[in-house]
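To keep things clear, I will list the structure first and then write my remarks on it.
Everything numeric in this text was worked out from a predicted model, so none of it was measured.
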Amino acid sequence: MTREADPHKLARELLGRDYDDLEADEQRVLKRVAAETFTGRDADELAHAHETVGDRLADRVAAIGGSWGFISAFAVVLFVWMLINSRTLERLGFHPFDQYPYIFLNLMLSMLAAVQAPIILMSQNRQAAKDRITARHDYEVNLRTQLEILRLSRKVDKLVHKLDHAGLGATHSERES
């Protein structure tokens, strides 16, 4: 086991800045690098951890309302509504309950739009929040990767330097080729 590194020292060595001058995300990454721990939970796990029943319902309504199946079924319902409320089916015993210009249909469509639009917007806001979590997670992973590569590079440089001083390392011309 290696000794836990100091995040303040790592900030100065790897990033060239004081630890206190770093963003919260950068400080969190440096603490994980210093402690040699994993990045943490996946971005989707974080998003689902704070999800409510209303959030899941909004996502489901948006998924259904924004599908071709819904659009096709809705077009069929509108066509049937207009067919029933036209005079073409009076001979079959269907009497129009909402004759042209379909005022009741307009009212129903307006109510549907008034309810469905905010629900879809809620779902889009949740998706934007998920995207922000994912972007922050990706940034942390990328920063951690860069910091680890820098640490490894410096360790290799120190090892090569020690080997050179001990006379066990490759000569300058052998390293160049």
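Between Lys31 and Tyr19 there is a side-chain heavy-atom pair separated by less than 4.5 Å. Annotation: side chain of Gln99 is not in contact with side chain of Asn85 (no heavy-atom distance under 4.5 Å). Proximity of Leu30 to Leu143: side-chain heavy atoms (C-beta onward) are nowhere separated by under 4.5 Å. Residues Arg126 and Lys130 are in side-chain contact: their nearest non-hydrogen atoms beyond the backbone lie under 4.5 Å apart. At least one side-chain heavy atom of Glu140 sits less than 4.5 Å from a side-chain heavy atom of Arg136. In this structure, Leu22 and Val29 have side chains that are not in contact, with every pair of non-hydrogen atoms separated by 4.5 Å or more. A 4.5 Å side-chain heavy-atom check between Val156 and Leu159 finds every atom pair outside the cut-off.
Taken together through direct or relayed side-chain contacts under 4.5 Å among Ile, Leu, Val, Met, Phe, Trp and Tyr, Met108 and Leu78 form part of one hydrophobic cluster. Transitive grouping of hydrophobic side chains (ILVMFWY, heavy atoms separated by less than 4.5 Å) keeps Met122 and Val53 in distinct clusters. Neither Leu107 nor Val77 shares a network with the other; the hydrophobic side chains, linked directly or stepwise wherever heavy atoms of I, L, V, M, F, W or Y lie under 4.5 Å apart, form separate groups for each. Criterion: ILVMFWY side-chain heavy atoms under 4.5 Å apart, direct or through other members. Under it, Leu109 and Ile84 are part of a common hydrophobic cluster. Hydrophobic clustering of Ile, Leu, Val, Met, Phe, Trp and Tyr side chains at less than 4.5 Å, counting indirect connections, unites Val80 with Leu105.
The number of heavy atoms from other shown groups lying within 6.0 Å of CZ (Phe97) is above 12. Counted within 6.0 Å of CZ on Arg60, heavy atoms from surrounding residues, nucleotides or ligands total 12 or fewer; the atom is thus considered open. The 12-atom threshold is exceeded at CZ of Phe70, counting heavy atoms of other residues, nucleotides or ligands nearer than 6.0 Å. Crowding of Glu23 atom CD: a count of heavy atoms from other residues, nucleotides or ligands under 6.0 Å not exceeding 12.
Between Thr52 and Asp55, the side chains place a donor N or O and an acceptor N or O closer than 3.5 Å (distance only, hydrogens not considered). Counted by atom type alone, Asp131 and Gln127 present one or more donor-acceptor pairs between their side chains at under 3.5 Å.
Aromatic pair Trp68/Phe74: centroids not less than 6.0 angstrom apart. A ring-centre distance under 6.0 Å is not found for Tyr102 and Phe104.
Side chain of Ser153 to backbone of Ile149: no donor-acceptor contact under 3.5 angstrom is found. A donor-acceptor pair is defined here as one N or O able to donate and one able to accept, closer than 3.5 Å; such a pair exists between the side chain of Asn142 and the backbone of Asp138. For Arg154 (side chain) and Glu13 (main-chain N/O), a donor-acceptor pair under 3.5 Å exists by modelled atom type. A donor-acceptor pair is defined here as one N or O able to donate and one able to accept, closer than 3.5 Å; such a pair exists between the side chain of Arg12 and the backbone of Gly16.
Residues Leu83 and Leu89 approach most closely at O-CD1, 3.7 Å, considering heavy atoms. Contact record, Pro96 with Ser86: CG-O, 4.3 Å, taken as the closest heavy-atom pair. Scanning both residues, Leu10 and Val33, for their nearest heavy atoms gives CD1-CG1, 4.0 Å.
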Discussion item. Run the side-chain hydrogen bond (donor to acceptor under 3.5 Å, both in side chains) test on Tyr139 and Glu26 for me, step by step, so that the C-alpha distance in whole Å, both residues' side-chain angles and the decisive distance to 0.1 Å come before the verdict.
Written reply: CA-CA 9 Å; Tyr139 171 74; Glu26 294 169 327; 3.0 Å; yes
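Rounded to the nearest 0.5 Å, atoms NE2 (His8) and CG (Asp18) are 9.5 Å apart. Here the straight-line distance linking atom CG of Asp25 with atom CZ of Arg28 works out to 4.5 Å at 0.5 Å rounding. Asp157 contributes atom CG, which lies 12.5 Å from atom NZ of Lys162 (distance to the nearest 0.5 angstrom).
Ion pairing of Arg56 with Asp59 is absent here, as no side-chain N (NZ or NE/NH1/NH2) approaches a carboxylate O to less than 4.0 Å.
Listed by chain and number, the residues in a side chain to side chain contact (heavy atoms under 4.5 Å, CB included) with Ile119 are Ala58, Val61, Val115 (sequence neighbours excluded).
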